[in-house]
Student: 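Pasting a structure below so you can have a look.
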Amino acid sequence: MKVIDVRNISFQYKGTERPAVEQIRFEVNQGEIVGLLGHNGAGKTTILKCIAGLMQPAAGEITMAPAPGKDAGTNDRTMGISDLGYVPSDFYLYPLLTVEEMIRFTASLHRLEERVVSERMNAMLNAFQLNDKRHQFVKTLSNGMKQKVALITGVIHYPQTLVLDEPMTGYDAVATRETKNFLTRYANEQQAGILLSSHRLDVVEDICERIVVIHQGKAIFNGAISELKHLANDSKTLEEALLRMSTESEEVTE
Ligand SMILES: Nc1ncnc2c1ncn2[C@@H]1O[C@H](COP(=O)(O)OP(=O)(O)OP(=O)(O)O)[C@@H](O)[C@H]1O
């Protein structure tokens with residue numbers, strides 16, 4: 001089952017000369033982790049914001065999986081928003097709350113039972129080695145720790161659809177491994193669909209079944225990493241394949 005169905009969306013920022021994204025279409029299925037790749041300014045964040053319902057595409061439609069017991073909705077704000085977990089790259093956490101207060105505050109917005117929140121929070125704080133930080137003010141955490149807390153707040157309601165913008169920037173090796181393990185397990189156990197944008201190609205290669213490559217606002221590839229490498233003259237690395245693919249796409253456009 002599709003949890004995100006993006007159908008030919010286009011979006012243009014006010015005062016700009018051309019659309020930031022044009023005629024984008026792809027889907028994310030249950031239990032699948034999909035990577036959204038592309039150079040700086042390609043249009044990844046714009047697409048993720050449209051999916052999160054923060055911006056309305058000028059054309060096209062996005063359908064999201066319904067929250068349990070609700071009808072499927074589109075991104076016109078009728079969707080079961082509580083079934084989406086969205087963590088932007090510029091996430092905001094309240095600096096003067098403790099880690100536990102911050103997580104409980106987010107959970108209260110989803111009206112989760114106290115017992116459920118405690119169970120999930122404890123499990124996630126353990127998974128991210130943040131247990132001893134739970135009573136610390138958010139403002140005293142390192143950037144990497146804050147990023148992990150932001151992920152926990154985005155997932156505390158166990159959404160079936162998780163959208164993450166650059167979730168592992170600046171992570172060390174341990175945090176990267178914890179997050180990779182967490183996301184893989186989450187997608188499997190909850191049968192959730194995860195869409196993440198990332199410049200961390202090593203991470204994408206490890207955990208994404210499929211990638212969508214955006215170049216200058218257009219989707220130039222949607223498929224398995226092995227297929228992309230093959231298409232890009234049997235490139236040895238994902239980086240090489242991406243560079244070749246975007247260069248070729250520019251040559252075609254010219
Ligand atoms: N608020 C805005 N107003 C005008 N143009 C914008 C705005 N936000 C983004 N853009 C433009 O839209 C295009 C796509 O930007 P977007 O942030 O979606 O790219 P991205 O792929 O997420 O890049 P990065 O990897 O650097 O985060 C860029 O040309 C950018 O300059």
Side-chain angles (χ1 to χ4, degrees), residues 4-28 33-62 64 75 77 84-93 143-144 146-147 150-151 154 161-171 175-176 179 183 193-208 210-223 225 228 232 237-250 252-254:
I4 305 176
D5 190 8
V6 177
R7 295 190 299 278
N8 296 320
I9 61 159
S10 300
F11 184 91
Q12 182 159 1
Y13 290 97
K14 279 205 182 93
T16 59
E17 283 178 5
R18 59 179 202 88
V21 295
E22 230 178 327
Q23 295 283 312
I24 301 288
R25 63 179 303 147
F26 66 91
E27 68 291 315
V28 178
I33 306 181
V34 175
L36 194 59
L37 305 187
H39 300 318
N40 291 134
K44 304 177 297 294
T45 297
T46 304
I47 296 169
L48 298 184
K49 282 185 175 169
C50 288
I51 293 172
L54 299 179
M55 301 192 313
Q56 189 66 32
E61 197 171 58
I62 302 170
M64 311 287 292
N75 59 332
R77 297 190 178 279
L84 171 74
Y86 169 59
V87 185
S89 54
D90 57 348
F91 59 81
Y92 182 80
L93 301 172
N143 287 334
K146 284 182 192 152
Q147 213 167 345
L151 177 58
T161 310
L162 192 53
V163 173
L164 308 171
D165 198 353
E166 287 289 347
M168 296 183 224
T169 314
Y171 267 2
T176 303
T179 308
L183 294 177
I194 302 178
L195 175 65
L196 59 90
S197 79
S198 185
H199 292 294
R200 291 282 310 268
L201 301 183
D202 54 331
V203 170
V204 169
E205 199 146 16
D206 273 358
I207 66 171
C208 294
R210 195 154 56 76
I211 55 169
V212 176
V213 181
I214 308 297
H215 184 66
Q216 297 180 346
K218 300 205 171 83
I220 58 169
F221 178 80
N222 178 354
I225 292 173
L228 177 79
T237 64
L238 176 55
E239 187 183 11
E240 189 185 322
L242 284 172
L243 285 171
R244 279 200 180 146
M245 201 76 173
S246 41
T247 311
E248 274 169 26
S249 147
E250 267 163 35
V252 170
T253 328
E254 276 164 13

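These figures come from a predicted structure and were not determined experimentally. Whatever order the structure lists ligands and atoms in, that order sets their numbers, starting from 1. Heavy atoms only: backbone and side chains are in, while hydrogens, waters and symmetry mates are out.
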Student: On a heavy-atom basis, which atom in I24 and which in A219 lie closest, and how many Å separate them?
Tutor: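 That would be CD1-N, 3.5 Å.
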Student: Determine, using heavy atoms of H39 and all atoms of ligand 1, whether some pair is separated by less than 4.0 Å.
Tutor: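 Contact present.
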Student: Hey, does the side chain of R244 reach the backbone of A232 with a donor-acceptor pair shorter than 3.5 angstrom?
Tutor: yes
Student: Which protein non-hydrogen atom lies closest to atom 4 (C) of ligand 1, naming both residue and atom, and how far is it?
Tutor: Y13 CB, 3.3 Å
Student: What I want to know is whether K14 and ligand 1 share at least one N or O pair that is separated by under 3.5 angstrom.
Tutor: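 Not met; the criterion fails.
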Student: Below 3.5 Å, N or O to N or O, backbone or side chain included: is there any such pair between E166 and ligand 1?
Tutor: no
Student: Can any side-chain N or O of E239 pair as donor or acceptor with the backbone N or O of L243 at less than 3.5 Å?
Tutor: no
Student: When you measure from the side chain of Q147 to the backbone of P167, do you find a donor-acceptor pair of N or O atoms at a distance under 3.5 Å?
Tutor: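 It does hold such a pair.
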Student: Looking only at protein heavy atoms, which one is nearest to atom 27 (O) of ligand 1, and how far off is it?
Tutor: T45 OG1, 4.0 Å
Student: For atom 7 (C) of ligand 1, is the nearest protein heavy atom closer than 4.0 Å?
Tutor: yes
Student: Could you state the interatomic distance from OG (S197) to CG (L164), rounded to the nearest 0.5 Å?
Tutor: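 Rounded to the nearest 0.5 Å, the OG-CG separation comes out at 8.5 Å.
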Student: Is there a side-chain contact between V204 and I211 (heavy atoms, below 4.5 Å)?
Tutor: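 When only atoms from C-beta onward are counted, I211 and V204 do touch, with a gap below 4.5 Å.
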Student: Answer with yes or no whether the side chains of H39 and S246 bring together a donor and an acceptor at under 3.5 Å.
Tutor: yes
Student: What atoms in ligand 1 come closer than 4.0 Å to a heavy atom of N40?
Tutor: 23 (O), 24 (P), 25 (O), 26 (O)
Student: Less than 4.5 Å apart, side chain to side chain, heavy atoms only: is that true for K146 and F91?
Tutor: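 In contact.
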Student: Considering only heavy atoms, which of T16, L36, T46 lies nearest to atom 18 (O) of ligand 1?
Tutor: T46
Student: Indicate whether atom 25 (O) of ligand 1 is within a distance of less than 4.0 angstrom of some protein heavy atom.
Tutor: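 Flag for atom 25 (O) of ligand 1 set to true, protein heavy atom closer than 4.0 Å.
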Student: Heavy-atom distances under 4.0 Å decide this one: backbone, side chain, both or neither, for D165 against ligand 1?
Tutor: neither
Student: Does ligand 1 have an atom under 4.0 Å from some heavy atom of G38?
Tutor: no
Student: Using distance alone, with no hydrogens and no angle criterion, decide if T161 and Y86 have a side-chain donor and acceptor under 3.5 Å apart.
Tutor: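 The answer is no; no qualifying pair exists.
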Student: Between G41, S198, S89, C50, which one has a non-hydrogen atom sitting closest to atom 23 (O) of ligand 1?
Tutor: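 Residue with the shortest heavy-atom distance to the ligand atom: G41.
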Student: N/O to N/O below 3.5 Å, does that happen between A20 and ligand 1?
Tutor: no
